[in-house]
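For reference, positions follow the sequence shown, starting with 1.
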Amino acid sequence: MDSNFQQEQKRVTDVMEVIEKRISRLEEETTQRRNEVVQIRKHFNDEIKVNMDTFDDFLETIIGLRQEAQALSVSQSTHRHASKRLSTLRRMQEVPYFGRIDFIEDGMPTKEQIYIGISTLTDESGDNFLIYDWRSPIASVYYDYQPGPAKYATPEGEIEGILERKWQYLIRGGILYSMFDTSITIGDEILQEVLGKGNDKHMHNIVATIQQEQNRIIRHDRGKLLIVHGAAGSGKTSAALQRIAYLLYKYRGNLNPEQIILFSPNTMFNKYVSNVLPELGEENMQQVTFQEYLDHRLSKEFQVENPYEQLEYVLTAKNTPSYHSRVASIQFKASTRFFKVIEKYRKSLELSGMLFNSIKFRGKPIVTAEQIAERFYHNDTTLRFPNRLEKLKDWLIKKLNDAEKVEWKKPWVQEEIELLSEDDYRKAYTYLAKKRGFKRESIADYEMETKALARLIVHQKLKPVRKRIMAFQFVDLKGIYKQLFSDSIQIKQWIGEEIPEGLVEICQLTLEMLDEGNLFYEDATPFLLIKELIQGFQTNSSIKHVLVDEAQDYSPFQFEFLKRLFPLARMTVLGDFNQAIFSHAREMDDFHTVMSIFGKDDTEVMNMARSYRSTKPIIEFTRKLIPNGERIIPFERDGERPVLTRINNHTELHHSITSKVTTLRSLGYNSIAIICKSAEESKHAFEALSNIKDIKLLTNSSIEYEQGVVVIPSYLSKGIEFDAVIIYDASEQVYGDESLRRLFYTACTRAMHYLQLYSLGIPTPLLKNILRDSFTES
């Protein structure tokens, strides 16, 4: 062992001692702070009494409450900060740092050794840095440069100098296993070591292996919109999550995790990536699927189809009568053109066409729909549309108040009084007594009048009606949306040129769906838009940054909507149009439409061509499945070529898959995915392969990605990677249509180390142009 290695091991040992001392100190502090919080809460509950006998007593109570609340807030904040730091230091016990640069700043006489890890660490004096946070300005040199001239940006300006040497360390639990001088060693040994590992149920941080193109994305800090278009396995999502950690570090004090939201493909993916930010000592941002947002806004009114149900229909219902009309409907309603149609339609409602619901009570109308329409179109017509609706709402509340006075004297009220339970009567009595100013000790002196009780009962009964008016539920939104499709000739005036083929059938299909109380996925955002444009857009100004993963699955219409929903937010959009499997995006190959929505001058596009997920033979195979696949650059990691096996029947197929799983398990593969085209095929495959020990079926309702052997539809596997992938049936019968090329590519690119394809009979024609030396046939 050379002296340099021994010296570096001694430094690791010294740093570990500092970390252990800090941990011991923080454990005491967190225990102390936790006890303080408990004591303050106990004192708050046991000793602070609300005294309102005199104004001075009341004032003293308020001051006491404020002081206790402030003390509690300070203790909770200190405890939270100490706990967070303790968690980070415990992670640093395993890997204190992973890199070092020897940097000579221009004008300085000596070089400085900069050690880089997941968080900053100083010596006991606090003056000397033992470890620099990977997000610090100087750490960018480690990711961006090879030895030679280098520079990095700081708030005070650019620092230039010479990067003399760059080192990578492999440290685990205080032991230095290896160190590489990357100015001499070719390749990236630590990256090779990380990529060669088996997969587990969570994505992990990549700070030790960030590549230059990923670092550009992480530290990008310009413009309103950043689009990251990257190949499968290029690390788009990983880079984006490190980017969030970087922004939280750079703008600490001005940006917190609650102000960042990630739109992810499904809830299973949320769980899969939930580990990354906590590993870096940061709290997770808000995570939601676009479908969850739609359900939150619309599920009380409709049964809303989810995107995977839509895709399942497209994949399995090709022989149904309305199939082509439905696909045309999906593509039309996904367009920015349809967004403009909705806007024009809403504008026309200022002159005519608004539909309303009658305001009813006890089965009788207080105000009819016709009366509401008459009022809307003949009063206050010079006001802006939202103000007209506000005025209409105020008028309806007034009409409700008038009706309330009439109801007091009706016989049904006396019947309600007679039917009151003893408990309800006592509650009403107490409520009315307090309303009249009687204190607790003198409530018994109150003499309740029958008239007051009658008024209270009527008011309570009318509360739901009042609530519906305040929520603008007197507007017949479902009728208004239906009206748009009720006359295919009329809708053409909003569409203008380029009338979609089969417009009559599209309109009919939409009307049938609405009559059944359902909402197709392609109609959900348009319906929500018309609702927002009529009732007032519910914008979210507290969100400062939005991430959209698998962005190729979002329609231009949805991006238009997101832009309006988060008007103050910057956006990071991640996607790969080679994996654009939804009908609306199959003809698209870039983010040009999204750029035009946000403005080209405020948008930057970064392309990631190198793929790290799969071995080189797998990438060599998969990139030939798609146009321009030669642009994808494989990372130099060896492995076996993909295997294509022809099978004669299902019995032989299931026997062969069972045997293959046994072999793969014996080789140490932890995650094995049997990928089927659809959920329907997945269900049949799972039932047939149930003899495989611990096999699991993943569906669009699965909450968490499971380790082990899973059967999964192709479209749910996006964004996830597996040690080994088995394509259940890559035959002409299943993947015979050219439109399925991107879906097939997506399924195959999930494999990290091993890819097996089975074909029941003739293989898919999608493999025809692939040279035989790219895979093995058996």
Side-chain angles (χ1 to χ4, degrees), residues 1 5-43 70-100 112-136 138-139 142 167-179 190 200 202 204-208 242 245-246 248-249 252-253 256-257 274-284:
M1 187 181 295
F5 192 91
Q6 290 177 331
Q7 188 178 341
E8 289 292 337
Q9 176 60 68
K10 182 180 183 308
R11 187 183 192 280
V12 172
T13 304
D14 292 344
V15 167
M16 292 297 291
E17 286 179 9
V18 173
I19 291 172
E20 283 159 12
K21 284 180 184 177
R22 298 278 167 85
I23 287 174
S24 178
R25 197 181 307 152
L26 275 171
E27 284 175 339
E28 290 180 14
E29 185 180 337
T30 51
T31 301
Q32 179 186 338
R33 294 298 182 187
R34 184 169 59 248
N35 291 337
E36 282 178 10
V37 169
V38 170
Q39 286 302 313
I40 292 171
R41 283 176 176 165
K42 189 173 185 299
H43 179 258
Q70 189 173 10
L72 179 62
S73 177
V74 169
S75 292
Q76 285 177 326
S77 178
T78 307
H79 176 257
R80 188 163 52 247
H81 179 76
S83 297
K84 184 178 175 182
R85 182 59 182 163
L86 181 59
S87 177
T88 300
L89 286 169
R90 282 172 176 160
R91 279 188 292 273
M92 291 175 74
Q93 270 187 308
E94 180 61 23
V95 183
Y97 50 88
F98 52 79
R100 182 187 109 200
E112 187 177 1
Q113 293 184 331
I114 308 293
Y115 289 83
I116 299 164
I118 65 165
S119 184
T120 298
L121 184 74
T122 61
D123 63 9
E124 288 299 314
S125 70
D127 296 330
N128 300 309
F129 283 84
L130 301 175
I131 304 171
Y132 284 79
D133 193 298
W134 67 276
R135 297 166 289 188
S136 61
I138 196 170
Y142 176 79
W167 296 84
Q168 290 180 317
Y169 296 90
L170 187 58
I171 303 169
R172 297 291 183 267
I175 305 297
L176 175 62
Y177 286 97
S178 56
M179 54 186 286
I190 291 182
D200 66 20
H202 289 115
H204 295 280
N205 79 73
I206 60 166
V207 293
Q242 324 299 301
Y246 171 77
L248 288 169
Y249 172 87
R252 54 194 181 278
N256 62 62
S274 63
N275 216 38
V276 176
L277 286 173
E279 277 188 357
L280 297 170
E282 301 291 353
E283 295 174 31
N284 263 321

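Ser87 contributes no side-chain N or O that, together with a main-chain N or O of Ser83, makes up a donor-acceptor pair within less than 3.5 Å.
Leu176 has its side chain out of reach of Leu170: every pair of non-hydrogen atoms, C-beta onward, lies at least 4.5 Å apart. Residues Lys84 and Glu282 form a side-chain contact, since some pair of their non-hydrogen atoms from C-beta on lies under 4.5 Å apart. Side-chain contact between Thr120 and Ser136: absent, with no pair of heavy atoms (C-beta onward) separated by less than 4.5 Å. For the pair Leu121/Arg22, a side-chain contact is recorded, criterion being any heavy-atom separation below 4.5 Å from C-beta on. Annotation: side chain of Val276 is in contact with side chain of Gln242 (closest heavy-atom distance under 4.5 Å). Looking at Gln168 and Phe98, their side chains never come closer than 4.5 Å, going by heavy atoms from C-beta outward. A 4.5 Å side-chain heavy-atom check between Gln93 and Ile23 finds at least one atom pair inside the cut-off. Between Pro278 and Asn284, some side-chain heavy-atom pair lies under the 4.5 Å cut-off.
For the pairing with Asp123, the side chain to side chain contact (heavy atoms under 4.5 Å, CB included) check across Asn128, Val15, Val18, Asp14 returns one residue only, Asn128.
In terms of heavy atoms, Val12 sits closest to Gly174 at CG1-O, 3.5 Å. Contact record, Arg91 with Ile118: CB-CD1, 4.0 Å, taken as the closest heavy-atom pair.
In this structure, the side-chain hydrogen bond (donor to acceptor under 3.5 Å, both in side chains) partners of Glu124, at least two apart in sequence or on a different chain, are Arg25. When the side-chain hydrogen bond (donor to acceptor under 3.5 Å, both in side chains) test is applied to Lys21, no partner is found at least two apart in sequence or on another chain. Partners of Glu8 by salt bridge (charged side-chain N to carboxylate O under 4.0 Å, His left out), not counting sequence neighbours, listed by chain and number: Arg100. In this structure Thr122 satisfies the side-chain hydrogen bond (donor to acceptor under 3.5 Å, both in side chains) test with no other residue, sequence neighbours excluded. Shown here are the salt bridge (charged side-chain N to carboxylate O under 4.0 Å, His left out) partners of Glu283, two or more places apart in sequence or in another chain: there are none. In terms of the side-chain hydrogen bond (donor to acceptor under 3.5 Å, both in side chains) criterion, Tyr249 has no residue partners (sequence neighbours excluded).
No more than 12 heavy atoms of other residues, nucleotides or ligands sit less than 6.0 Å from atom CD of Gln7.
Rounded to the nearest 0.5 Å, atoms OG1 (Thr88) and CD1 (Ile19) are 11.0 Å apart. How far CG of Asp133 is from CD1 of Ile138: 13.0 Å, rounded to the nearest 0.5 Å. Annotation: the span from Tyr169 atom OH to Arg11 atom CZ amounts to 7.5 Å, rounded to 0.5 Å. For the atom pair CG (Leu86) and OG (Ser24), the distance works out to 10.0 Å, reported to the nearest 0.5 Å. Note: Ile114 CD1 to Tyr142 OH = 13.5 Å, rounded to the nearest 0.5 Å. Atom-to-atom distance recorded for Ile131:CD1 and Ile116:CD1 is 10.5 Å, nearest 0.5 angstrom.
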Applying salt bridge (Lys or Arg N to Asp or Glu O under 4.0 Å) to Arg90 and Glu27, what does each step give before you reach the verdict? CA-CA 11 Å; Arg90 282 172 176 160; Glu27 284 175 339; 2.9 Å; yes
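Taking the ring centroids of Tyr97 and Tyr115, they lie under the 6.0 Å cut-off.
A donor-acceptor contact under 3.5 angstrom links the side chains of Arg85 and Ser119, judged on distance only.
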